[in-house]
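A, B, ... follow the sequence lines: proteins, then strands. Residue 1 opens every chain.
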There are 2 protein chains.
Amino acid sequence: MTTIRVLLAEDQAMIREALAALLSFEDDIEVVAQVGRGDEVITATNASSPDVALLDIEMPGMDGLAAAAELHAKHPDTKIVILTTFGRPGYLRRAMESGVSGFIVKDSPADKLAATIRQVRDGQRVIDPDLAAAALAEGTSPLTPRERDVLAACTDGKTIQQIAQAVYLSEGTVRNYLSACIGKTGARNRAEACRIAEERGWL
Amino acid sequence: MTTIRVLLAEDQAMIREALAALLSFEDDIEVVAQVGRGDEVITATNASSPDVALLDIEMPGMDGLAAAAELHAKHPDTKIVILTTFGRPGYLRRAMESGVSGFIVKDSPADKLAATIRQVRDGQRVIDPDLAAAALAEGTSPLTPRERDVLAACTDGKTIQQIAQAVYLSEGTVRNYLSACIGKTGARNRAEACRIAEERGWL
DNA sequence: TAGCGCCCGTGACAGTTGTCATGAGCAGAT
DNA sequence: ATCTGCTCATGACAACTGTCACGGGCGCTA
């Protein structure tokens, strides 16, 4: 059995190095690269050719799921494991579409990490069963692309005016789209709709 | 030099064990207890009498800052270090009021962790200089206690009605309080006020 | 005791937001 | 060729939200 070469992508330096410390205890795993930004994943992969890339989702530059998609396109042999704080079904769905082999949350016990790395290296898929069930139960987004855009632009208590400017639409149109979003999410106002859609991974 | 006994409180199991792995490389530091909930900090301290308690803020049961306050009251000799994702000035202020000796963010390099633990054990205080400056620049909260309550109850796009029920006030009064909050934060609506106050640690 | 600030409430008003009807242009499917 | 659904827009209306003025009660301080 040869050692598994691992790329570690996680923006918080202390956590990244702590995870590296954790993996250093495994004889068959070697961390060959560490990056703190999503847009550094590709170049680091080119340089170090890892067997498995371990990606956080929340990262500056490019989020982990986007990085996963690009990585999978350019290096289909590199297995990808998403390691995230939030087990949102929407994340899982996007991850699956991005060619990811493993999806684990940071709540899991530590030994799950090395176990997952070994499993995906062997060609298996590793997904938290509860999460998978939740993702299936939720179904796919009922929002049209434009509704999604508008709803995504309305975080943080923005005004209709501000949203309209951000999306280059008239205020009336924005109101209409938001009204549709509110209806489809079952919310009572746009802030709640925004939160619900976010949770379900519809954004 | 005797070894430093450390208690580790962090809700995400994988991160917690990774941090323990990181600290295991330090010869003079020993992790004598690990907990995943804020309300387990006290009992674990009673059982293992650590020199330093390393607390995350976001934890179920009781948040790290509340745990810090209680810990400081009951075990004044145990030094406390807050380790958090978010370097919000408001957190820092609350931490200082809770008798904390050190405050570091997870963005810091990994060696900062052990260094901080040693420094606080030696009686020093360790605070990120940038954060300290930001906290001082922001000043203290201009919100009255009741305004704070109302604003805190209005997260996630709640209706005025829902807030009023949650805080046992008439809707008119809620509107008045929120209006005051909006004025004091310089926001344009309650959602933005909520976000701003949250960021500044006024909640 | 008078003044001050916080608490809680009401009522009136203007501005913003959510709903609905309507219509035109444009794609893809039958 | 027609139907359907998405996009974008306008206008009207109702509901909700934010602002303001006002009043009474409470506790603290000068």
Identify all side-chain donor-acceptor contacts of residues 17-24 of chain B below 3.5 Å with residues at least two apart in sequence or on another chain.
{"unit_1": "S24(B)", "atom_1": "OG", "unit_2": "A21(B)", "atom_2": "O", "d": "2.5"}

Practice problem: Could you walk me through whether V174(A) and V167(A) pass the side chain to side chain contact (heavy atoms under 4.5 Å, CB included) test, one step at a time? | Solution: CA-CA 9 Å; V174(A) 169; V167(A) 199; 5.6 Å; no

Can you confirm whether [X] is buried at [atom1], in the sense that more than 12 heavy atoms of other residues, nucleotides or ligands lie under 6.0 Å from that atom?
X	atom1	result
R188(B)	CZ	no
K112(B)	NZ	no
Q124(A)	CD	yes

Self-check item: Neighbours of DNA chain D within residues 170-179 of chain B, by heavy-atom distance under 4.0 Å
Solution: R175(B), N176(B), S179(B)

Exercise. Enumerate the residues from residues 183-195 of chain B whose closest heavy atom to DNA chain D is under 4.0 Å, giving them by residue number; use none for an empty result.
Key: N189(B), R190(B)

Quiz prompt | Qualifying residue, where the test is side chain to side chain contact (heavy atoms under 4.5 Å, CB included) with I104(A) and the options are T116(A), D128(A), I127(A) | solution = T116(A)

Practice problem: Only counting residues at least two apart or in another chain, list the ones meeting side chain to side chain donor-acceptor pair (under 3.5 Å) with E58(A). | Solution: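 Side chain to side chain donor-acceptor pair (under 3.5 Å) list for E58(A), sorted by chain: Y91(A).
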
Self-check item: First-last contacting nucleotides on DNA chain D - partner chain A, under 4.0 angstrom, heavy atom
Solution: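 Both ends considered, the range comes out as dC6(D) to dA12(D).
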
Quiz prompt | Qualifying residues under salt bridge (Lys or Arg N to Asp or Glu O under 4.0 Å), relative to D149(A), sequence neighbours excluded | solution =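 Checked D149(A) against salt bridge (Lys or Arg N to Asp or Glu O under 4.0 Å); matches are R146(A).
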
Quiz item: Between L65(B) and D63(B), which heavy-atom pair has the shortest distance, and what is it?
Solution: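 For L65(B) versus D63(B), the nearest heavy atoms are N-OD1, 2.7 Å.
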
Practice problem: Search all heavy atoms of K184(A) against all heavy atoms of P142(A) and return the closest pair with its distance. | Solution: NZ-O, 3.0 Å

Quiz item: Given atom NZ of K158(A) and atom P of dT16(C), what is their separation to the nearest angstrom?
Solution: 18 Å

Quiz item: Between dG15(C) atom P and I182(B) atom CD1, what is the distance in whole Å?
Solution: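 Rounding to the nearest Å, CD1 of I182(B) and P of dG15(C) are 16 Å apart.
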
